[in-house]
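Reviewing the structure listed below.
Atom set for the values below is all heavy atoms of this structure, side chains included, hydrogens, waters and symmetry mates excluded.
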Amino acid sequence: MVKLLLFLALQLCFIIVLWQYSKSRAIVRWSNRRIALYSTLFFYVTLLVVVYLRHIQLRHQLDAFDLNKDGIFTGREIGEAQKEALQKVSSDKQITFAPLIAVAYSVIYFLVLSLGFKGVRK
């Protein structure tokens, strides 16, 4: 839950920074769609980074059981905890489907931002 709140706070901070930046530019004012687009791109990239970091964390947990660092689990390296870690890594489909799912979430995010900005700024 803390990670989710941190992720959402990061998104909100980025939107606020973009909003302030667009207001401070006297020559060219950014449209609501441009702010929503940049926020959506940031959202997409951060989703992919979070998934990649989770994959690295799972691999690190599994590699902790490889005592002689040869890449093969033998003898006393194999146990219930190692089997669970191996199962988590081998059944982790997040890294595979992350780009596609992130696109779907980003489209929804863009629509919500566009509709939300519509009434706020003209």
Side-chain angles (χ1 to χ4, degrees):
M1 185 66 169
V2 173
K3 291 179 184 178
L4 178 64
L5 291 176
L6 183 63
F7 180 78
L8 293 175
L10 181 66
Q11 300 302 319
L12 182 62
C13 288
F14 187 77
I15 291 171
I16 291 170
V17 166
L18 276 180
W19 189 280
Q20 292 299 321
Y21 178 73
S22 76
K23 283 174 55 177
S24 69
R25 293 178 51 120
I27 298 172
V28 178
R29 303 265 314 186
W30 285 3
S31 67
N32 295 340
R33 293 219 178 222
R34 180 175 278 188
I35 293 172
L37 177 67
Y38 289 154
S39 299
T40 302
L41 290 174
F42 183 72
F43 179 78
Y44 178 77
V45 169
T46 52
L47 274 178
L48 293 181
V49 167
V50 166
V51 169
Y52 185 68
L53 291 176
R54 174 71 176 146
H55 181 71
I56 290 173
Q57 179 187 18
L58 290 175
R59 287 292 306 180
H60 182 67
Q61 288 174 356
L62 179 63
D63 290 342
F65 293 103
D66 190 10
L67 301 177
N68 57 3
K69 306 295 182 211
D70 64 351
I72 301 171
F73 298 105
T74 57
R76 64 175 208 215
E77 296 173 342
I78 299 174
E80 286 301 315
Q82 182 270 342
K83 289 180 184 178
E84 288 177 20
L86 181 62
Q87 180 64 28
K88 286 180 183 178
V89 169
S90 62
S91 67
D92 183 29
K93 303 294 187 240
Q94 289 178 354
I95 197 78
T96 305
F97 295 114
L100 298 174
I101 293 172
V103 165
Y105 284 140
S106 296
V107 168
I108 294 168
Y109 187 76
F110 177 77
L111 292 174
V112 168
L113 283 179
S114 294
L115 294 174
F117 284 151
K118 199 172 205 172
V120 175
R121 184 174 151 194
K122 297 186 185 216

Close side-chain approach of V51 to I101, heavy-atom, < 4.5 Å: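 Of all side-chain heavy-atom pairs linking I101 with V51, none is under 4.5 Å.
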Is there a side-chain contact between Y44 and P99 in this structure, where contact means two heavy atoms from C-beta onward sitting under 4.5 Å apart?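 The answer is yes; the side chains approach within 4.5 Å.
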Rounded at 0.5 Å granularity, tell me how far [atom1] in [X] sits from [atom2] in [Y].
X: F43; Y: F14; atom1: CZ; atom2: CZ; answer: 13.0 Å
X: L113; Y: R33; atom1: CG; atom2: CZ; answer: 11.5 Å
X: L37; Y: L18; atom1: CG; atom2: CG; answer: 10.0 Å
X: H55; Y: T96; atom1: NE2; atom2: OG1; answer: 8.5 Å
X: L48; Y: L53; atom1: CG; atom2: CG; answer: 11.0 Å

Single-linkage hydrophobic cluster [X]~[Y], side-chain heavy atoms < 4.5 angstrom:
X: Y109; Y: F97; result: yes
X: F42; Y: V112; result: no
X: L8; Y: L10; result: yes
X: L6; Y: I15; result: no

Quick check: are there more than 12 heavy atoms from other residues, nucleotides or ligands sitting under 6.0 Å from CZ of F7?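 Correct, the count exceeds 12.
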Heavy atoms only: give me the nearest S106-A102 pair and the separation to one decimal. OG-O, 2.7 Å
